[in-house]
Amino acid sequence: MKTARTLFLLCMLVCWLQSAHAQSPRTPFEKGYIEMKDGRIIKGRYVYSSELDRVRILTDESSFVVKASDVVRITRKKPSAGKPEGKDKSDEPDKPKHCFFFSELGILPGNPDNPNRMPLLFHASANCLLSKKFSVGAGAGVEFYRETYLPVTVNGLYRFSKDKVSPFAGMQIGYQVPLEGSRTKVQNVMPYTSSSIWPAPTVPYETELKAKGGILLNPSLGVMWEHHSGTGFTFSVGYRFHRLLYNNKEQDYDLKVDYRRLSLKLGLIF
């Protein structure tokens with residue numbers, strides 16, 4: 001009788017242990033996309049260790065364990081591949097533009113004796129990079145003296161560094177094209193008070209002259225502030241030289257006037 005009772009208790013104990021083991025909670029594997037620091041994206045099932053410092057990954061081909069610190073994130077939907085950890089779009093270097101537009105607005109201060117003390121100018125150009133720091137281009141604009149001119153130029157720009165704030169050197173060489181109706185009088189370009197004109201003109205000061213244009217040269221130095229979007233702002237100081245030609249066919253009279261001025265310009269690069 002005791003033997004049967006003992007066997008019965010042993011059977012009950014074994015059944016209870018098997019039931020407890022079957023009902024004990026198991027760590028479930030979850031499905032997802034595991035994105036690693038090295039850029040890999042693994043599709044499979046995963047589970048964290050009890051210390052949460054390692055991750056076991058099951059795929060159709062293999063089973064392996066990785067450090068939790070090597071996992072960037074785990075998502076239900078497949079993320080884009082190849083994005084390094086810890087880098088935001090704003091931290092990524094901008095792709096250099098091969099071509100860009102450069103527009104400038106400025107003034108040409110002159111000496112107090114000059115009748116055109118501070119002409120206004122606007123210039124825009126299309127430029128292309130020949131190297132990481134040097135670009136060339138061509139452009140046109142408008143300048144307001146006694147007459148209105150269309151400057152047509154070739155341009156060069158050299159950045160001394162690729163930092164967000166960088167000094168640069170620029171050069172413009174071109175020709176001033178007078179717009180239709182660009183006429184003036186001798187007294188406007190050779191005032192009575194001028195002490196630098198000698199000898200005096202051989203025609204009356206009231207003689208009307210037609211503007212014929214002339215060459216221009218404008219080296220400059222400046223600073224460029226570049227936004228991460230690729231837009232940049234500039235400020236430059238330079239020396240402007242241009243020679244304007246005038247004539248009067250009726251009296252067979254030609255006049256050359258040289259301008260030497262300071263150029264102050266604000267620019268936009270986009």
Side-chain angles (χ1 to χ4, degrees), residues 6-102 126-137 157-169 222-235 267-270:
T6 302
L7 291 174
F8 176 76
L9 291 176
L10 287 174
C11 289
M12 291 295 293
L13 179 60
V14 170
C15 291
W16 180 83
L17 290 174
Q18 289 179 345
S19 176
H21 177 73
Q23 296 178 5
S24 61
R26 295 181 179 180
T27 305
F29 280 81
E30 296 187 21
K31 293 182 179 181
Y33 292 90
I34 302 96
E35 184 177 357
M36 307 299 293
K37 279 186 177 180
D38 59 11
R40 292 181 298 157
I41 296 176
I42 305 170
K43 179 183 178 181
R45 293 181 296 158
Y46 67 94
V47 65
Y48 278 87
S49 65
S50 57
E51 293 81 8
L52 301 178
D53 61 340
R54 295 183 179 277
V55 183
R56 184 176 184 83
I57 301 174
L58 298 177
T59 67
D60 295 337
E61 293 83 14
S62 61
S63 172
F64 53 93
V65 178
V66 298
K67 293 181 180 179
S69 59
D70 291 334
V71 176
V72 177
R73 58 176 174 168
I74 301 176
T75 60
R76 294 268 183 189
K77 295 182 179 181
K78 186 176 181 180
S80 58
K83 182 180 178 182
E85 183 202 20
K87 284 193 176 183
D88 191 76
K89 287 184 178 181
S90 60
D91 298 327
E92 295 176 358
D94 298 320
K95 293 182 179 180
K97 289 184 176 181
H98 292 290
C99 295
F100 60 91
F101 290 96
F102 187 19
N127 304 266
C128 291
L129 291 170
L130 296 184
S131 67
K132 291 183 178 180
K133 296 181 181 180
F134 181 65
S135 63
V136 295
L157 189 147
Y158 181 81
R159 293 180 61 174
F160 291 98
S161 75
K162 293 297 291 181
D163 298 334
K164 294 297 183 181
V165 180
S166 169
F168 71 90
V223 179
M224 180 185 301
W225 293 266
E226 187 176 17
H227 194 263
H228 66 81
S229 64
T231 303
F233 302 91
T234 65
F235 172 74
L268 173 65
I269 293 177
F270 56 97

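- In terms of heavy atoms, Asn127 sits closest to Phe102 at ND2-CB, 3.6 Å.
- Between the NZ atom in Lys162 and the NZ atom in Lys132 there is a gap of 8.5 Å [rounded to 0.5 Å].
- Between the CD1 atom in Ile74 and the OH atom in Tyr48 there is a gap of 3.5 Å [rounded to 0.5 Å].
- Taking Tyr33 as the reference, nothing meets the ring-ring contact (aromatic ring centres under 6.0 Å, His included) condition, with sequence neighbours excluded.
- Contact annotation: the side chain of Ile42 approaches that of Met36 to within less than 4.5 Å [non-hydrogen atoms, C-beta and beyond].
- Residues satisfying the ring-ring contact (aromatic ring centres under 6.0 Å, His included) criterion with Phe233, sequence neighbours excluded, are absent altogether.
- Residues Leu129 and Ser135 come closest through the heavy atom pair CD2-CB, 3.8 Å.
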Evaluate Ile269 against Glu226 for side-chain contact (heavy atoms from CB on, under 4.5 Å), listing each step before the verdict. CA-CA 8 Å; Ile269 293 177; Glu226 187 176 17; over 6 Å; no
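- Here the side chain of Lys37 pairs a donor or acceptor atom with the backbone of Ser69 at under 3.5 angstrom.
- The side chain to side chain donor-acceptor pair (under 3.5 Å) check on Arg54 picks up nothing, with sequence neighbours excluded.
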Apply side-chain contact (heavy atoms from CB on, under 4.5 Å) to the pair Ile41 and Lys43, showing each step before the final yes or no. CA-CA 7 Å; Ile41 296 176; Lys43 179 183 178 181; over 6 Å; no
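- The minimum heavy-atom distance between Leu268 and Thr234, with the atom names listed, is N-OG1, 4.4 Å.
- Within the model, atoms NZ of Lys31 and CD1 of Ile34 stand 12.0 Å from one another, a figure rounded to the nearest 0.5 Å.
- Rounded to the nearest 0.5 Å, atoms NE2 (His227) and NZ (Lys164) are 8.0 Å apart.
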Kindly determine whether Tyr46 and Glu30 satisfy side-chain contact (heavy atoms from CB on, under 4.5 Å), including the steps that lead there. CA-CA 5 Å; Tyr46 67 94; Glu30 296 187 21; 3.3 Å; yes
Could you pull out every donor-acceptor pair under 3.5 Å between side chains of residues 57-64 and any protein atom, sequence neighbours left out?
residue: Thr59; atom: OG1; partner: Glu61; partner atom: N; Å: 3.3
residue: Thr59; atom: OG1; partner: Ser62; partner atom: N; Å: 3.0
residue: Thr59; atom: OG1; partner: Ser62; partner atom: O; Å: 3.1
residue: Thr59; atom: OG1; partner: Ser62; partner atom: OG; Å: 3.4
residue: Ser63; atom: OG; partner: Arg56; partner atom: NH2; Å: 3.0

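- The distance from the OH atom of Tyr158 to the NZ atom of Lys133 is 4.5 Å, given to the nearest 0.5 Å.
- Here Ala126 pairs with Phe101 under the side-chain contact (heavy atoms from CB on, under 4.5 Å) rule; sequence neighbours left out.
- Judged as a side-chain contact (heavy atoms from CB on, under 4.5 Å), and not counting sequence neighbours, the contacts of Asp163 are Ser161.
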